[in-house]
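Notes to accompany the following structure.
The analysis underlying the following values was restricted to heavy atoms, covering all of them including side chains, and did not include hydrogens, waters or symmetry mates. Because the structure is predicted, anything quoted here is derived from the model rather than measured. Read the numbers this way: they start at 1 and go in the same order the structure lists the ligands and their atoms.
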Amino acid sequence: MEIISKSYLSLSIIRLYEPTYGDIIFENQKMNNINAKTIRKDMQMIFQDPYGCLNPRMTVAEILGEPLEIFNIAKGEEKRRMVHEALQKVGLSRNSTDRYPHEFSGGQRQRVGIARSLILNPKLVVCDEPISALDVSIQAQIVNMLQDLQDELGLTYLFIAHDLAMVKYISDRIGVMYLGKIVEIAESHELYESPIHPYTKALLSSIPIADPDASAEMERIILEGNVPSPLSPPSGCKFRTRCLCAMDICEKEEPSLKEIEKGHSVACHLTDKKF
Ligand code: SF4
């Protein structure tokens, strides 16, 4: 799939955008030909902007009740009960039902958005930078809540984020993207302990360390230049204009994603050499 951003990828996965080519496989099934409404019941999304993702003209009861009606899951008293249960799961009181989005704080609004995404009991929840628009003091609360809900409901998250410390905290498996392509993918601990792609190494070296002595000793990799336009990317490896290890071949051939070790894949010509 040719993609230009992480958000575009996530929106394509839940079929809010149609992928231009390639396959999306979910539970061993190609999703391309499945009705989008059917997909939406099993896959939900938590959006980055807790202000823009809720209809300001609808009460919380209407926002949470709407999917239950669209999918003919519950009406009347049963719908009310399910709305109250969803609110309770995200730490909001049942008195919230008659209030409008503007009556909540940013963190509370994101909780309403999370309740809406969970009310259909999805299997996969795509979290598109769900905490980046929130106050720092609220971010940890929301992430802890997402983890508790994952344990309670057996959910799978596709968590998109730039905060590498947070990514490490919440992820089992991590894919690193540069200019719309996955350049490295591995189990979380493997990626943080043994990164291979030069971009991953640069990203990890930029994580702030609380200990000033350890921070001073740490070798930082400073990338030079700007991220090229995805509309006219460099030939060969998309990262070559900023890579400190670039070789002649990097300009001519785009490296493909290859499995280096079980579960650890990298797209870099350096892996064709012996380390
Ligand atoms: S393929 Fe070449 S330019 Fe790209 S990351 Fe690897 S070494 Fe750097």
Side-chain angles (χ1 to χ4, degrees), residues 1-13 17 19-25 126-129 132 158-209 214-275:
M1 188 193 306
E2 192 70 37
I3 44 173
I4 57 171
S5 75
K6 295 178 279 301
S7 294
Y8 190 91
L9 171 64
S10 63
L11 293 171
S12 300
I13 288 172
Y17 285 151
T20 44
Y21 68 91
D23 293 321
I24 300 171
I25 312 282
V126 178
C127 308
D128 185 7
E129 305 214 33
S132 59
L158 176 63
F159 197 93
I160 298 170
H162 284 102
D163 182 339
L164 293 169
M166 191 62 77
V167 168
K168 185 179 182 186
Y169 179 66
I170 200 165
S171 307
D172 299 311
R173 193 163 164 73
I174 299 173
V176 178
M177 289 181 80
Y178 184 78
L179 224 58
K181 293 256 178 179
I182 288 189
V183 295
E184 184 159 6
I185 185 163
E187 300 292 309
S188 174
H189 64 90
E190 165 91 7
L191 190 98
Y192 277 81
E193 281 164 24
S194 315
I196 292 176
H197 196 281
Y199 181 54
T200 311
K201 288 182 178 173
L203 285 180
L204 296 185
S205 82
S206 70
I207 298 175
I209 298 174
S215 180
E217 279 175 22
M218 179 148 176
E219 191 190 337
R220 306 273 179 198
I221 301 172
I222 312 287
L223 293 179
E224 300 203 344
N226 296 319
V227 180
S229 164
L231 297 176
S232 62
S235 61
C237 175
K238 310 263 181 294
F239 185 57
R240 72 171 170 81
T241 51
R242 307 176 74 204
C243 180
L244 302 176
C245 311
M247 308 168 282
D248 289 346
I249 191 176
C250 305
E251 187 179 346
K252 296 179 193 124
E253 272 181 39
E254 181 168 19
S256 56
L257 196 64
K258 288 189 209 125
E259 191 168 59
I260 307 302
E261 285 167 27
K262 194 168 183 319
H264 190 163
S265 300
V266 186
C268 176
H269 291 305
L270 286 174
T271 60
D272 298 335
K273 296 177 154 191
K274 292 244 178 300
F275 286 107

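For Glu187, the salt bridge (charged side-chain N to carboxylate O under 4.0 Å, His left out) partners are Arg173, not counting sequence neighbours.
A donor-acceptor pair under 3.5 Å is absent between the side-chain atoms of Ser12 and the main chain of Pro19, judged by distance alone. Between the Ser171 side chain and the Val167 main chain, a donor and an acceptor come within less than 3.5 Å of each other. Panel note: side chain Arg240, backbone Cys245; no donor-acceptor pair is recorded below 3.5 Å. Judged by distance alone, with hydrogens and angles left aside, the side-chain atoms of Ser235 form no donor-acceptor pair with the main-chain N or O of Lys252 at under 3.5 Å.
For Phe239 and His197, the distance between ring centers is under 6.0 angstrom.
Protein N/O/S atoms found under 2.8 Å from atom 4 (Fe) of ligand 1, listed by chain and residue number: Cys237 SG.
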